[in-house]
Amino acid sequence: MFQLAYYEPQTLKEALQMDGVKKGTGKFLAGGTDLLVQIKRRKIEPQELINLKAIPELKGVQETGDGGIRIGAAVTVKGIMESSLILAGYPAMAQAAKELGTPQVRNRATIGGNIVNASPAADLVGPLLVYDAILLLTSESVQRRVKIEDFLLGPSQTALGKEEVLEAIELPALPAGTGAVYLKHGLRKTHEIALVGVSIALRSDGQGVIEDCRIALTAVAPKVIRAREAEDALKGCHLDDETLSRVAHIAEANCLPISDVRASADYRRQMVGVLTKRGLLSLGGSN
Amino acid sequence: MNYQTVGHGLVKIDVMEKVTGTAPYVDDLVMPGMLIGKVLRSPYPHAAIKRIKIEKAQALNGVKAVITNQDTPRVKWNSAGFPPSQGAILVEDQYILTDRARFVGDGVAAVAAVDEKTAQLALDLIEIEYEKLPHVLGQDKAMEPEAPIIHEGVEKNIVGHLPIVIGDVEQGFKEADFIFIDKYTCQRVNQVSIEPCGAVVALYDANGRLNLWTSTQMPHLVRRIVARAMDMPVGKVRLIKPHVGGGFGSRLGAVNEPIAAMLSKATGKPVKLIYSREESFVGSESRHPIIMELKTGVKKDGTFTARQMTAYIDAGAYATHTPSFAGPVGGWFLAMYKSPNVKYDGYSIYTNTPPCGAFRGYGNPQVVWAVESQVDEIAERLGLDPREIRLRNHPCKGEVWAWSGWEIESCGLEEAIERGSQSIGWENRIRQGSNTKENSNQGQETVHKVGPETKKKGIGMAYMMHVSGARPMLHETGSAFIKMNEDGSVNVVYSSSDCGQGSSTALSQIAAEELGLPINMVHITQFADTDTAPFDIGSHASRQIYSGGNAVKVAAGIVKKQVLEHAATMLEVSASDLAIENGQIICLQDETKTKSVAEVAYNALYGTNGFEISGVASLEPPGNPPVYAAQFVEVEVDTETGIVKVIKVAAAHDVGTAINPVCVEGQIEGAVQQGLGYALTEEMVFDEMGRLQNPNLTDYKILTVKDMPEIDSIVVQAASQTGPFGAKSVGESGLVPTAAAVGNAIYDALGIRIKDLPITPEKVLGLLKAKS
Amino acid sequence: MNKDISLVVNGEARYINVPADKTLLDMIREDLNLKGTKKGCDAGDCGACTVLLDAEPVNSCLVLAVEAANKEVTTIEGLAKGGELHPIQAAFIKHGAVQCGFCTPGMVLAAKAILDKNPNPSVEEIKEGIAGNFCRCTGYKKIVDAVLASGRNIQG
């Protein structure tokens, strides 16, 4: 590493006024589990690190007035995993948190970091997509709300402005009877970067007819994506074998995987189908 | 046999230091004025260095030395750790820093600076003009006529060809009822000791002696190699080995000691050179990928008429171990099954990748992977129980073992197969194809609500034989010096190369047993120091207990004799009437005549004509008794994802007398983790430009605690005749048969046979698709 | 840029001047001269550098030293008290859970974090808790046995 300045602003305002933010030479530091590795490998060379952990607005998981929740961007992955509000209302998030990295990493890594890194393999992002998360982006002058789907642009690319910080994540209330799941596929049982992840939120009526469905696919496109055609194909159907394999195939067609050291594109595509089917089955069973 | 110390799972001698964090490893050493070294590596797989400019780096404040190929001694050397021997074929083809990069990561320059940051900045300031040369990856491609030549004069990049012929295989194939022809391949894997490989502090002192504190498995041989590379006399090099954070073969030779030595010589300061995890992947030697062509002739009754293997071994960019390594590869092959006709050809082939070298098992895991997969197929074709074909064809006690040419002293294979079978539930095994395995172990998780038809279980087994030392391929001199202190305790001075396996503990137990002393009266050197410890060729070939133990036992015997003779004088009895039990001299005839060993030692040292009771033994071991193992594996394969879950490994190992059974189990259990990784998840992946794609522990996948199956380590003790207290070996064998057993279990589950390691989910699905 | 920080290391208050880009691991090893915390990858993968930061296990290679200001750090050197081994250390010895020893300090601290929260963890909970610590020597079996047994010991 090299000469680097370090700041711990106590308020959001203070953070946003930092020179490093204004000049674009600084980096926000939250968990550091990705950032410090990037710095050590000399992929990035910031001049200032601005630690966001002390900022009150970025902390905590709270209920919002309208039945949803607000998660501070600096909440750790472990915090997500153990939050009673998240466990009760958004279990696929807790599940994804539990499958991210190792205990040591989960103690440090934050939800904000997981989103802003914009890795196509980010574990928390799939569930955020199917829960229709809204991101609260704050700059010195403006605060805006952006749907997570619109926020993610590509690998390491987001709609975050140069002078903006991701302050919080809002998850809207879910209609009663919505079930959700995150399935992660890797070679090992832990300590994996997802080869493929499938997140599903599903609501069916009393007769088992799917009323609403959202599917997100992880690590099979330049960013975590929604499988809209697969979702549409499900609506109005029962979860029978024919529907399952049809939807699984559509999901496979919905993705754009690459081949890399972790897996081939073909295998990833195939796993999208398998995981989609398995995810739907697990939710079908729970209704 | 009942022993006082041998055979007991005593607490290891180094654990107090290790659990409290006080055990020093190389990176923990700090010396006054110490500099930090760093190596600049080639970004190209094959390139000549046209020009190299170091002035800017030299000018940087805090930089004390910048060295390149021009500074290296003009001797070519070989980094592999071999004693000069008939079986050691040493092709000397490297310089300490190269003037022609032959793989991505080849060291081209090095710096020493006041701290790591400065050293890194200095590397950035070195300007190199490369001339890119065509490169070649893969040993099959490197042998093609149009392939670029990696070392001048080495045609088709074949740096070695080692043939073995016994009988006449062509005749044997004529006599066969069936002939099986297969090609098996395996990947490159890394040892991944948790202490990264490549850790040294060098001090070229004012007396012109080179002192090295290094994490090594072979103190004396690395001293020799460094002396050669530095072009200096062996006696001017002193090597000290502190604790070693895992070896597994990676430290079987010089790693970065010569670079640190040059930097220290250039600066006159101690220089620490510690490789990062990434560097340890490319800057040290990994397991050889081998393409193995097998042809086996077999009678209907399952006996072999002819066995043939051609092995194409990827040496990487420098010869190091490989031309010699081709010998044991042939040895494992020809010696594991009896056959009147055997033919082996081992080709060592240069490629533009990091050099390959020693990794636990030294070629045997590769060979056993191929042979035991094929034998499984042969058994099925002949309708034989897979266990039966092994029992019919393995060399047994009293027969000559082709690896060594010596008679086999003991064989525990039958017992191993029997007990392993029971542990895994072999009798309940349902042959492949039936696929309705509700049978064996309960408690399987249903991960998701998928139909049970997506999970298939299978059981497989594989067998292996391995060495207890390096003879007769290598001269295997080992030595121990034991001296008795005035309190009756002894110092065992041994050139320890314990890397955590517990060999120092077991050697202490051997000394204690032989001397009749309690274990707490034996103090063994934990740090080898070549200035004071007698010569030993190190920790490899699973030789520490059989061979090192032999030296320790002989030295202890000399000490014991002196103790008894001196006690006899003191007690005025005949030495032949005396014995030592638990630190006490007892007279078999007259129990009133007794002395403590302490009294005898004190009297020897301070009595009339004082002398220190001591003994030294320096010799080659009497033989090389083979060990046997049978491993049984149960798997559950997800037929939709291709993921293979290993449910259980029953690893039955004949180790001879287990000097310390807890350490023996630890060796087996740890090896199984490496064996399963070899089978399923571990692989060094290079891109087309020869760049390693996964030099980190996220994408190079060693197994976590959650991936490990139940392991039943079954210790079979068919005592050898020549080993200390009947010991043979255990160090390497635990991972040798694992991959083949996994492959055979997958075949049992699915009816598909994968012939290239690792068995990835994609390969499983590919073959399943092809089958249906 | 250097910063003055104060923190508590193994129960003792320490005041250190560190560069902002120094990791907690390097500060522990170089400035505090506590060599028991090991560097196995420097990338948060292997767990050998695990320490407890305010009682939570972290990879000290992925924490900046300045981030530890005003916090409590426990390293392997802080476990044995008055010459008495911590029960986890004793169990590692008794069960043969130590081989090369390079993963041991981190492993012991990861185990301590498990047992501090739940003195009687299940095998599954133990595996979950040490899943971020690689061992290449033992196959983990005797390590799990040791943690299981020390759980019982701590409970009395």
Side-chain angles (χ1 to χ4, degrees), chain B residues 9 11-12 14-25 27-30 116-117 191-196 243-248 274 276-278 498-502 649 660 662-663 665-674 676 696-698 702-706 708 710-711 713 734, chain C residues 19 21 26 29-30 33-48 75-80 85-86 88-108 124 126-144:
Chain B
V11 166
K12 292 201 310 178
D14 52 359
V15 286
M16 274 303 283
E17 278 181 293
K18 285 176 175 175
V19 295
T20 52
T22 54
Y25 300 78
D27 194 18
D28 303 335
L29 305 177
V30 177
E116 194 178 346
K117 205 183 281 185
Q191 299 85 349
V192 190
S193 53
I194 302 300
E195 177 194 25
H243 285 295
V244 173
F248 319 120
I274 303 287
S276 67
R277 175 58 60 189
E278 186 170 346
D498 193 336
C499 312
Q501 70 266 46
V649 177
N660 185 318
V662 175
C663 290
E665 287 171 9
Q667 284 302 290
I668 296 169
E669 289 154 9
V672 165
Q673 188 253 17
Q674 298 177 0
L676 292 174
N696 59 69
L697 300 180
T698 297
I702 69 171
L703 298 183
T704 74
V705 64
K706 290 178 81 177
M708 288 302 291
E710 176 190 352
I711 302 174
S713 29
Chain C
D21 59 2
D26 286 344
R29 288 182 57 82
E30 293 167 12
N33 207 22
L34 297 170
K35 303 291 193 187
T37 308
K38 300 301 179 197
K39 187 182 278 189
C41 71
D42 211 23
D45 282 327
C46 75
T75 71
I76 190 67
E77 289 88 351
L79 256 64
L85 290 180
H86 187 280
I88 298 171
Q89 293 171 310
F92 267 59
I93 289 178
K94 185 174 165 205
H95 290 266
V98 180
Q99 287 194 32
C100 86
F102 210 77
C103 78
T104 305
M107 195 69 86
V108 167
E124 285 318 306
I126 291 168
K127 288 184 177 179
E128 190 63 52
I130 60 171
N133 295 74
F134 281 125
C135 171
R136 193 60 159 169
C137 294
T138 66
Y140 307 100
K141 184 174 169 178
K142 295 188 192 307
I143 292 174
V144 173

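Source: prediction; values computed, not measured. A, B, ... follow the sequence lines: proteins, then strands. Residue 1 opens every chain. Only this structure's heavy atoms are used, side chains among them; waters, hydrogens and symmetry mates stay out.
- At a threshold of 4.5 Å between non-hydrogen side-chain atoms, the residues C/K38 and B/D28 count as touching.
- Side-chain contact between B/E665 and C/K142: present, with at least one pair of heavy atoms (C-beta onward) separated by less than 4.5 Å.
- Per-residue heavy-atom pair counts under 4.5 Å with chain C were compared for B/Q674, B/Q667, B/Q501, and the maximum is reached by B/Q674.
- Among residues two or more places apart in sequence or in another chain, the side chain to side chain contact (heavy atoms under 4.5 Å, CB included) test is passed with C/K39 by C/L25, C/D26, C/D42.
- Side-chain contact between C/F134 and B/I194 is present, with at least one heavy-atom pair separated by less than 4.5 Å.
- B/V30 is linked by a side chain to side chain contact (heavy atoms under 4.5 Å, CB included) to C/K35, counting only residues two or more places apart in sequence or in another chain.
- Under the 3.5 Å distance criterion, the side-chain polar atoms of B/K12 are matched with a main-chain donor or acceptor of C/V98.
- A side-chain donor-acceptor contact under 3.5 Å links C/K141 to the backbone of B/I711.
- Most heavy-atom pairs under 4.5 Å with chain B: of the set C/C41, C/G96, C/G132, this distinction falls to C/C41.
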Problem set entry | Steps toward salt bridge (charged side-chain N to carboxylate O under 4.0 Å, His left out) verdict (C/D45, B/R277) | CA-CA 10 Å; C/D45 282 327; B/R277 175 58 60 189; over 6 Å; no
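- A pairwise comparison of heavy atoms in C/C100 and B/C499 identifies CB-O, 3.2 Å as the closest pair.
- Side-chain contact between B/V705 and C/I143: absent, with no pair of heavy atoms (C-beta onward) separated by less than 4.5 Å.
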